[in-house]
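Heavy atoms only: backbone and side chains are in, while hydrogens, waters and symmetry mates are out. In the text below, chain A, chain B and the rest are named by the order of the sequence lines, each starting its count at 1.
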There are 2 protein chains.
Amino acid sequence: MGITKTEFFTQKQNDTALLMKALGHPARIAIIEYLMSVDACICGDIVNELALAQPTVSQHLKELKNAGLIKGNISGNAICYCIDDTAINTLRGYFLEISDNLEKKKNMCC
Amino acid sequence: MGITKTEFFTQKQNDTALLMKALGHPARIAIIEYLMSVDACICGDIVNELALAQPTVSQHLKELKNAGLIKGNISGNAICYCIDDTAINTLRGYFLEISDNLEKKKNMCC
DNA sequence: TTTGTATATTGCAATATTACGATATAATTT
DNA sequence: AAATTATATCGTAATATTGCAATATACAAA
């Protein structure tokens with residue numbers, strides 16, 4: 001059907017999946033990496049950086065924003081986007097937890 | 001168009017996006033968390049766990065496997081799936097790096 | 001060897017995503 | 001105010017994803 005059955009999963013599982021999904025496109029990875037590499041962060045720079053059309057970049061920025069991965073401040077007639085550390089820290093914690101867990105039961109399986 | 005323009009991004013960006021995308025669905029998050037929670041790991045258990053039909057679960061397992069997030073060993077007429085720590089460590093490292101980077105330039109932007 | 005059990009594959013309908021031209025909005029400059 | 005600049009939204013075509021019934025495969029047990 002193409003429709004995800006979110007009702008069968010926990011809130012946390014759905015939230016985690018949404019965060020990961022938002023990062024599941026190279027353009028959005030590139031945006032995050034670009035925002036990480038610069039101090040100033042204006043949307044126009046991202047459009048120039050990405051080799052995608054401006055509406056496409058705008059759409060990707062919107063998805064990152066909806067997921068809570070970036071935040072945008074209006075700054076004159078431009079918009080300053082930057083990474084939201086809350087989401088990043090959530091994901092950092094998530095993978096640290098899995099990694100620690102795997103470390104503990106090394107060679108217990110497969 | 002619906003087709004991702006991978007040629008505009010680096011190999012690493014595309015690879016990272018594929019890993020993230022594989023985790024961008026609650027069923028696949030649930031599978032990873034289930035594999036983490038148990039010592040034995042047989043596909044049938046996952047089907048019982050998930051409230052999704054067997055072909056659907058099989059498809060999600062395939063995607064996780066293609067992404068390198070899990071590996072499967074044939075064990076009799078069942079298959080033993082478990083988490084591949086290499087991919088998890090890659091993700092852990094990725095988010096640690098971003099997190100560290102954000103820490104450094106605290107309040108530099110937005 | 002037939003029957004059962006476990007998993008994968010195929011085929012397809014419903015829905016979502018990607019990309020972008022055209023256009024809208026909103027602040028800035030002239 | 002008109003023109004310019006920066007970004008968002010709309011509409012739409014192409015493609016991808018999700019989910020599952022039906023079926024195939026492959027091993028195990030009787």
message = Using the side-chain heavy atoms of Arg28(A), tell me which of these nucleotides is nearest: dC20(D), dT18(C), dC20(C).
response = dT18(C)
ask   = Taking the side chain of Thr4(A) as its heavy atoms from C-beta onward, which of dC20(C), dT7(C), dG19(D) lies nearest to it?
value = dG19(D)
query = With a 3.5 Å cut-off and just heavy-atom distances, do the side chain of Gln59(A) and the base of dA8(D) make a donor-acceptor pair?
reply = no
message = For the backbone of Thr6(A) and the side chain of Asn14(A), can you confirm whether one donor and one acceptor N or O come within less than 3.5 Å of each other?
response = yes
task = State which of dT18(C), dT18(D), dC20(D) makes the closest approach to the side chain of Lys5(A).
result = dC20(D)
task = Could you check whether Leu52(B) gets within reach of a base, just the sugar-phosphate, or nothing at all, counting any heavy atom under 4.0 Å?
result = sugar-phosphate
query = Among dA6(C), dC20(C), dT9(C), which nucleotide sits nearest the side chain of Lys62(B)?
reply = dT9(C)
ask   = With a 3.5 Å cut-off and just heavy-atom distances, do the side chain of Gln54(B) and the base of dA6(C) make a donor-acceptor pair?
value = no
request  = Look only at the side chain of Ser58(B) and the backbone of Gln54(B), and say whether a donor-acceptor pair between them is shorter than 3.5 Å.
outcome  = no
query = Closest heavy-atom contact between Ala27(B) and Leu52(B)?
reply = CB-CD1, 3.8 Å
ask   = Counting any heavy atom closer than 4.0 Å, what does Lys21(A) reach on the DNA or RNA strands: base, sugar-phosphate only, or nothing?
value = sugar-phosphate
query = What are the two closest non-hydrogen atoms of Ala22(B) and Glu63(B), and how far apart are they?
reply = CB-O, 4.4 Å
Which nucleotide in dC27(D), dT18(D), dT18(C) has an atom nearest any side-chain atom of Asn77(B) = dC27(D)
query = Phosphate oxygens OP1/OP2 of dA8(C): is one of them under 4.0 Å from a side-chain N or O of Tyr81(B)?
reply = yes
key: Per Ile3(B) side chain, nearest of listed nucleotides dT15(D), dC20(D), dA8(C)   = dT15(D)
request  = Looking only at side-chain atoms of His25(A), point me to the closest of dC20(C), dA19(C), dG19(D).
outcome  = dA19(C)
Contact nearer the 5' end of DNA chain C, comparing Gly76(A) with Thr56(A) = Thr56(A)
Closest listed nucleotide, where the reference is the side chain of Ala53(B) and the choices are dC20(D), dT9(C), dT9(D) = dC20(D)
